[in-house]
Amino acid sequence: MNEDREKQPSADAPSELRQDPVSGEWVVIATGRAKRPHDFVSVRQRTTTQSKDMCPFERMFPAARGVYRRDGGNTADDWFVQVVPNKYPAFVEGACPVLREDGPYRVTDGIGFHEIVITRDHERPLGLQTPAEADLVLQAYQDRFRAIKQDPCIRYISVFHNHGPQAGATIEHPHSQIIALPVIPPDISRSIAGSQAYGEAHGGACVHCAVLKHELRSGERVVYENKDAVVLAPFASKTAFELRIMPRTHGAYFENAGVSERQGAAEALAVSLDCLFKGLGDPDYNFFLHTAPVGHAEMFSHYHWHIEIIPKTAVWAGFEIGTGIEISSISPEEAALFLKTIHH
């Protein structure tokens, strides 16, 4: 009798703990203090600190490592995306670093790459760009991935986009960043380990494919889908309105995605950011790519690349900082339903 009762969720429970099947991390969906979707609409006025005339990104850089033009553009001034070296890099190119030990500590030099992917329009963020324009951004990411991974020092290539001051954007002009490191970051290591553990326990199956299959069958957390990609509000969302873009085709490496798959992901990204822009009043957010580390392809065949979008809808307080467990005050099911109505 006790066992049966333990299996049944309580209708009166003020919250629900959910575990991510890849990372193993727990989150709290605080249904007892749930907010309505419109309660998350951003009411702050973003302060303009850089006019278009004074913006450092409002020009073509002669040192650009990649230039992409909209259809019909054929002059130097017709660029829509350019990739340039970061003027103040966190990692610099050089000889492969040597790992050193200093007592209990390990140290290595910050050798790698740090580049900026700039879109043309100063006042038009990715949330207002067309799928074709978003694809030019992803094409730039992909081309730089393929070039940078040839460097023998590089173990992981991180692509991320900060939108708004709460997300860490210090320059208002829309831009992404590419940082290539000589080590595998801890969050990626945990994601890889979780994916591998699931595969070992389930006959080599991909956990992300299993999640995708389950979510498409359920439908309650699917925000948008096309023939190549699906947008989900993750079951164990770390924050309200978190979104994840999953390619339908299994593949560990973003840079190996075909044109159709990349375009499908770009369309899904454009739709996702447009829904957040319209539904939440242009919130600050971060999005980033999760893809397999460079090299040893056979070791990471179980992984499934994807894009994660994290809107800044909450602030970490004592519980979150002290436990590492995040609290979301809206269920991903309700968030998905709300965003679907925005898109349609």
| field | Backbone N/O of A90 and side chain of H114: donor-acceptor pair under 3.5 Å | value | yes
| message | Given the ring of Y253, does K149 sit roughly above its face, with NZ or CZ under 6.0 Å from the centre of the six-membered ring and within 45° of the axis? | response | yes
| request: Go through I330 and F338 one step at a time and tell me if the side-chain contact (heavy atoms from CB on, under 4.5 Å) criterion holds. | output: CA-CA 11 Å; I330 185 172; F338 174 72; 6.0 Å; no
| query | Can any side-chain N or O of Q19 pair as donor or acceptor with the backbone N or O of G24 at less than 3.5 Å? | reply | yes
| Would you say the ring centroid of F160 lies under 6.0 angstrom from that of F287? | no
| Under the 3.5 angstrom rule, does the side chain of H208 hit a backbone N or O of H306 as a donor-acceptor pair? | no
| message | Quick check against the 3.5 Å criterion: does R144 have a side-chain atom that pairs as donor or acceptor with the backbone of Q139? | response | no
| So, the side chain of S272 versus the backbone of A268: is there a donor-acceptor pair under 3.5 Å, distance only? | yes
| query | Is it true that a side-chain atom of D135 and a backbone atom of A266 form a donor plus acceptor pair closer than 3.5 Å? | reply | no
| task | Might you work through the side-chain contact (heavy atoms from CB on, under 4.5 Å) test for R65 and Q82, ending with a clear yes or no? | result | CA-CA 7 Å; R65 295 174 173 177; Q82 60 173 315; over 6 Å; no
| When you check the side-chain N and O atoms of R124 and Q129, is any donor under 3.5 Å from an acceptor? | no
| query | In terms of hydrophobic clustering (I, L, V, M, F, W, Y; side-chain heavy atoms under 4.5 Å; direct or indirect links), are I179 and I310 co-clustered? | reply | yes
| task | Taking atom types as modelled, find out whether H173 and D121 have a side-chain donor-acceptor pair closer than 3.5 angstrom. | result | no
| Does R18 reach the side chain of I29, with side-chain heavy atoms less than 4.5 Å apart? | yes
| said: With a 3.5 Å distance limit and no angle check, can you tell me whether D109 reaches the backbone of I111 through a side-chain donor-acceptor pair? | reply: no
| field | Donor-acceptor contact below 3.5 Å, side chain Q150 vs main chain R146 | value | yes
| task | Answer yes or no: is there a side-chain heavy-atom contact under 4.5 Å between Y141 and I157? | result | no
| How about V22 and Y198: do any of their side-chain heavy atoms sit closer than 4.5 Å? | no
| task | Would you sort out whether Q177 and N162 count as a side-chain contact (heavy atoms from CB on, under 4.5 Å), showing the intermediate values? | result | CA-CA 8 Å; Q177 297 185 59; N162 304 330; 4.0 Å; yes
| message | Cation-pi check for F61 against R59: NZ or CZ below 6.0 Å from the six-membered ring centre and within 45 degrees of the axis, yes or no? | response | yes
| Test item: side-chain donor near acceptor, Y303 and S191, under 3.5 Å | yes
| task | Classify the angle between the aromatic ring planes of W305 and F254 as parallel (below 30°), tilted (30 to 60°) or perpendicular (above 60°). | result | perpendicular
| Is there side-chain contact between L212 and C209, with at least one heavy-atom pair below 4.5 Å? | no
| request: For H161 and Y285, run side-chain contact (heavy atoms from CB on, under 4.5 Å): C-alpha distance rounded to whole Å, both residues' side-chain angles, the deciding distance at 0.1 Å, then the answer. | output: CA-CA 8 Å; H161 185 97; Y285 61 78; 4.1 Å; yes
| field | CZ-CD1 distance between F145 and I178, expressed to the nearest 0.5 angstrom | value | 7.0 Å
| request: Would you kindly say whether K312 and T239 are connected by a side-chain donor-acceptor distance under 3.5 Å? | output: no
